[in-house]
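Just follow the structure's listing: the first ligand is 1, and inside any ligand the first atom is 1.
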Amino acid sequence: MKRIVAAVVTALILILGGGLFWLDSLFEERDAKFVPSIAGELDAKSVLAVFAHPDDEQLITGLLIRANKKDGAVTRIITSTKGEAGTPLPQISRTEELGIIRHAEVLKNGYALGVKEQLVWDYPDGGLADANYEKYVARLKNQISLWQPDLIVTFWPESGFSNHADHKRVGRATTEAINRLRALNPETAPKAIAYILAPRPMMQKFGGETGSIVAGNQPDPTHAMSGEGWAKIRGWDIHASQRGYVQKNYGLPPAIVHRLYDKEHYYVQTY
Ligand SMILES: [Zn+2]
């Protein structure tokens, strides 16, 4: 009897272990070059992330932490909207004040990630693509000129990590701002862009129609690095109004998801 129990337990452990190994593999892109730090790899001493919503920075915690702690780089974030149109998960404030709450949450998470300066702009959440494109590009261009980062991190314009229109617009406008700065003066313009990419196996397997669109419109990642999963788990506590986001999207809590989804994948463009 004991032997049978032992055999069953062993089989269950093997099945569970195999399942976890399989789940983990869905969050990997094996052909990307694995590096300790994207900023370190590019010798960047100043990094600027340009995103759409409070909590988008959760996608690049590894890049930000390692740039700062390991490579001594200065890190900054521009968040283009206050995220006021998001779904509260759970509701922790009056709905009309969600933008104020999320504004504070991204500042708190940025501080926890060692970010030196942050701007949270007031473009309409969900309406960034309808805002005046030329003015948005000019505003980005001005801010990049002021801070003069070596490395910019943003969304891939064709897929935006989740096919969100705001994400795609940020990626496009940021790329355009950099191109214009390079045309003016390549010496002071950013030397590289790192586009954060979604892990395609997971997007294809479980991402539904959106996942297929994202996976089909992304380039092959050039680099991968540790995502500092612990910082993402902490970040979802800091983003208290979005704490249930991971559970809703993946069916598992952040403490499990970010132990499996523990890498960040980038397409790096250098000049
Ligand atoms: Zn977003």
Side-chain angles (χ1 to χ4, degrees), residues 48-64 75-90 95 98-110 112-113 115 118-131 133 136 139-140 152-175 193-199 202-203 207-211 213-215 217-218 227 231-250 254 257-258 261 264-267:
L48 170 63
V50 187
F51 284 130
H53 313 112
D55 80 10
D56 288 347
E57 82 289 350
Q58 279 283 83
L59 300 171
I60 66 155
T61 51
L63 187 149
L64 289 173
T75 55
R76 296 182 174 93
I77 304 175
I78 294 173
T79 304
S80 304
T81 79
K82 294 181 172 31
E84 71 278 4
T87 308
L89 291 164
T95 306
L98 183 62
I100 299 170
I101 299 294
R102 296 194 69 195
H103 184 164
E105 287 170 356
V106 73
L107 296 182
K108 286 171 70 182
N109 200 32
L113 294 168
V115 172
Q118 286 177 261
L119 289 174
V120 182
W121 287 344
D122 47 9
Y123 290 96
D125 180 9
L128 194 56
D130 302 323
Y133 180 68
Y136 182 43
R139 193 172 180 188
L140 287 167
I152 301 236
V153 191
T154 190
F155 288 114
W156 181 251
E158 307 301 322
S159 55
F161 198 95
S162 60
N163 201 36
H164 195 304
D166 286 351
H167 292 184
K168 294 196 279 191
R169 180 50 61 107
V170 171
R172 191 178 149 210
T174 305
T175 305
I193 313 180
Y195 295 98
I196 179 68
L197 302 178
M202 174 53 77
M203 296 308 265
E209 200 184 326
T210 303
I213 294 170
V214 170
N217 285 282
Q218 278 191 175
K232 297 187 202 293
I233 294 167
R234 178 187 66 185
W236 291 117
D237 279 335
I238 294 174
H239 283 283
S241 76
Q242 307 298 305
R243 192 180 283 152
Y245 175 84
V246 171
Q247 177 77 43
K248 184 175 173 245
N249 274 270
Y250 294 93
V257 169
H258 290 304
Y261 182 12
E264 294 168 5
H265 302 92
Y266 295 93
Y267 177 77

*asked:* Can you tell me which residue among L119, I152, V153, T174 is in a side-chain contact (heavy atoms from CB on, under 4.5 Å) with L48?
replied: I152

*Under 2.8 Å from the Zn ion (ligand 1), how many protein N/O/S atoms can be counted?*
3

*Partner residues of W236 under the side-chain hydrogen bond (donor to acceptor under 3.5 Å, both in side chains) criterion, sequence neighbours left out*: H258

*Using side-chain hydrogen bond (donor to acceptor under 3.5 Å, both in side chains) as the criterion, list what pairs up with S241, not counting sequence neighbours.*
E105

*Roughly how far apart are L113 CG and R234 CZ, rounded to 0.5 Å?*
5.5 Å

*Any donor and acceptor pair, going by atom type alone, linking the side chain of E264 with main-chain N or O of L63 inside 3.5 Å?*
yes

_Pairs where residues 78-88 contributes a residue and the test side chain to side chain donor-acceptor pair (under 3.5 Å) is met, not counting sequence neighbours_ = S80-Y136

